[in-house]
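Every number for a ligand or one of its atoms is a count from 1 in the order of the listing. Just the heavy atoms: all of them, side chains too, but no hydrogens, waters or symmetry mates, feed the values below.
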Amino acid sequence: MHRQPFKVTVIGSGNWGTTIAKVVAENTVQNPHLFNKDVNMWVFEEMIDGEKLTEIINTRHQNVKYLPGIDLPHNLIANPSLLDSVEGADILVFNVPHQFLPKIVLQLKGHVSNQVRAISCLKGFEVGAKGVQLLSSYIKDELDIQCGALSGANLAPEVAKEHWSETTVAYQLPSDFKGEGFDVDHKVLKMLFHRPYFHVNVIDDVAGISIAGALKNVVALACGFVEGLGWGNNAAAAIQRVGLGEIIKFGQMFFPESRVETYYQESAGVADLITTCSGGRNVKVAKYMSKNHVDAFQAEKELLNGQSAQGVITCKEVHEWLSTCELTEDFPLFEAVYQIVYNNMPMEQIPEMIDELEPFEVEEDDEPQ
Ligand SMILES: NC(=O)C1=CN([C@@H]2O[C@H](COP(=O)(O)OP(=O)(O)OC[C@H]3O[C@@H](n4cnc5c(N)ncnc54)[C@H](O)[C@@H]3O)[C@@H](O)[C@H]2O)C=CC1
Ligand SMILES: O=C(CO)COP(=O)(O)O
């Protein structure tokens with residue numbers, strides 16, 4: 001880590017990756033004392049009608065595949081080489097669908113100084129030898145760099161169009177914090193992400209915002225199933241109520257450092273659950289499955305043009321972890337989503353699966369005469 005101005009690289013260029021890169025690049029231009037103007041964005045290269053996506057971004061300044069119709073700042077530079085894009089960076093902003101993170105981190109190992117600081121915008125978990133891990137902890141452990149998170153009620157297309165929204169950034173200062181002006185702190189992160197249309201609150205609770213962000217995608221799938229069945233708003237609200245309970249329980253059980261207040265006080269909590277269940281990709285994929293009788297992978301393929309509905313993978317990660325702990329019965333909604341997506345359980349069975357009431361037993365004396 002050098003003295004400011006800090007150099008920033010965004011790793012990822014999907015729907016949210018490109019949107020956050022736009023936000024960051026707008027702020028680096030406006031704050032030259034704090035940040036280097038140019039922002040590298042690592043792009044998983046692909047050809048679009050015979051042209052490289054990186055070349056399209058660098059010449060037409062639009063990500064025509066993952067964020068069409070949105071003009072990008074000219075100081076945002078697409079780079080197809082992961083290692084070249086992180087060269088000299090002080091701050092890494094990770095923003096890829098989380099199934100690709102292990103491969104990316106493996107490539108970065110040995111090429112990133114432990115003085116670099118990072119923020120993960122990913123929503124999901126890593127389940128492996130270390131049990132269930134936050135993605136920020138996974139990045140921190142694998143690369144030996146301090147890593148926080150950004151999560152909120154942020155449907156990318158709305159943020160990209162500069163419609164007002166809020167978000168939460170969570171970051172804990174590392175034990176080798178170098179001091180103001182020499183290191184990343186809450187003030188620097190606010191300057192990096194806050195825009196007039198994108199209001200940032202910076203807190204310490206990395207676990208709370210990450211758990212909420214990962215698990216609301218699973219709840220959104222359940223919401224899409226009942227909506228697709230035509231059960232209406234009451235059913236969707238019931239799913240969100242039960243889902244919120246399971247999100248909080250999961251946090252308290254496996255990440256006791258997370259704070260319950262984060263779920264209702266921060267954009268990353270209930271607000272993100274509501275927006276995702278209203279108009280996110282997860283709810284759309286689940287509705288499509290329900291209406292067209294296709295599986296989740298087919299629905300993703302037909303609907304999302306290469307984008308990812310992260311709940312499809314997260315429900316499996318959650319199931320694997322809960323099975324290891326023999327606790328699947330304690331999270332009936334998460335388990336129902338897993339069974340629907342991976343074992344063809346009929347969606348109509350959700351109410352029975354999540355029913356928390358004891359079966360109503362008629363006493364003999366009460367039986368109608
Ligand atoms: N899109 C949204 O509205 C929001 C997304 N998020 C989260 O941000 C994270 C990133 O999501 P998006 O940017 O929307 O991604 P996306 O869903 O648009 O996925 C497309 C991206 O994946 C990349 N990709 C495809 N194959 C790959 C491979 N083999 N290796 C590496 N990259 C590959 C593509 O190049 C493209 O950049 C996810 O965890 C998501 O949950 C968070 C808030 C909002
Ligand atoms: O995380 C999101 C909104 O905050 C985006 O949700 P989807 O991935 O379901 O679109």
| task | Compute the centroid of each ring, for W231 and then for F225, and state whether the two points are separated by less than 6.0 Å. | result |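 Centroid separation for W231 and F225: 6.0 Å or greater.
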| Are F254 and F250 near enough that their ring centres are under 6.0 Å apart? |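 Yes, ring centres under 6.0 Å apart.
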| Rounded distance [0.5 Å steps], CD in E51 versus CD in E46 |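 Rounded to the nearest 0.5 Å, the CD-CD separation comes to 13.0 Å.
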| Could you state the interatomic distance from CD (E335) to CG (L327), rounded to the nearest 0.5 Å? |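 Separation between the atoms: 11.0 Å.
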May I ask you to identify the nearest protein heavy atom to [atom], giving residue, atom name and distance to one decimal place in Å?
atom: atom 38 (C) of ligand 1; result: Q310 OE1, 3.5 Å
atom: atom 23 (C) of ligand 1; result: F100 CE1, 4.3 Å
atom: atom 18 (O) of ligand 1; result: N15 N, 2.9 Å
atom: atom 34 (C) of ligand 1; result: Y66 OH, 3.5 Å
atom: atom 35 (O) of ligand 1; result: F44 CB, 3.4 Å
atom: atom 37 (O) of ligand 1; result: G14 N, 3.0 Å
atom: atom 42 (C) of ligand 1; result: W16 CD1, 3.2 Å
atom: atom 10 (C) of ligand 1; result: N95 OD1, 3.3 Å

[X] and [Y] ion-paired at < 4.0 Å:
X: D272; Y: K123; result: yes
X: E45; Y: K52; result: no
X: E227; Y: K284; result: no
X: D141; Y: K130; result: yes
X: R117; Y: D183; result: yes

Sub-4.0 Å atoms of ligand 1 with respect to non-hydrogen atoms of [X]:
X: L155; result: 3 (O)
X: K103; result: 28 (C), 29 (N), 30 (N)
X: G17; result: 13 (O)
X: N154; result: 3 (O), 43 (C), 44 (C)

Based purely on interatomic distance, does [X] place a nitrogen or oxygen under 3.5 Å from a nitrogen or oxygen of ligand 1?
X: P97; value: no
X: A156; value: yes
X: W42; value: no

Under 6.0 Å from the [atom1] atom of [X], do we count more than 12 heavy atoms belonging to anything else shown?
X: K140; atom1: NZ; result: no
X: K187; atom1: NZ; result: no
X: E302; atom1: CD; result: yes

Determine whether any heavy atom of [X] lies closer than 4.0 Å to an atom of ligand 1.
X: G306; result: yes
X: C121; result: yes
X: K65; result: no

| Using a heavy-atom cut-off of under 4.0 Å, does the side chain or the backbone of T18 touch ligand 1, or both, or neither? |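 The answer is neither; T18 stays 4.0 Å or more away.
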| task | Quick one: do K178 and Q115 satisfy side chain to side chain contact (heavy atoms under 4.5 Å, CB included)? Show the steps, please. | result | CA-CA 9 Å; K178 302 285 182 297; Q115 302 296 296; 2.6 Å; yes
Show the short N or O contacts, below 3.5 Å, that ligand 2 makes with protein N or O atoms; if there are none, say 'none'.
unit_1	atom_1	unit_2	atom_2	d
ligand 2	1 (O)	K123	NZ	2.8
ligand 2	1 (O)	K216	NZ	2.6
ligand 2	4 (O)	K123	NZ	3.0
ligand 2	4 (O)	G152	O	2.9
ligand 2	4 (O)	N154	N	3.0
ligand 2	4 (O)	D272	OD1	2.7
ligand 2	6 (O)	K216	NZ	3.3
ligand 2	8 (O)	R281	NE	3.2
ligand 2	8 (O)	R281	NH2	3.1
ligand 2	8 (O)	N282	ND2	3.4
ligand 2	9 (O)	R281	N	2.9
ligand 2	9 (O)	N282	N	3.0
ligand 2	9 (O)	N282	ND2	2.8
ligand 2	10 (O)	R281	N	2.7
ligand 2	10 (O)	R281	NE	3.2

| query | Can you find a side-chain donor-acceptor pair between E300 and Q307 that sits under 3.5 Å? | reply |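 No, because no side-chain N or O of E300 sits under 3.5 Å from a partner of the opposite role on Q307.
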| query | Looking at Y338, is K316 sitting on its ring face, NZ or CZ under 6.0 Å from the six-membered ring centre and within 45 degrees of the normal? | reply |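 The answer is no, since K316 fails at least one limit relative to Y338.
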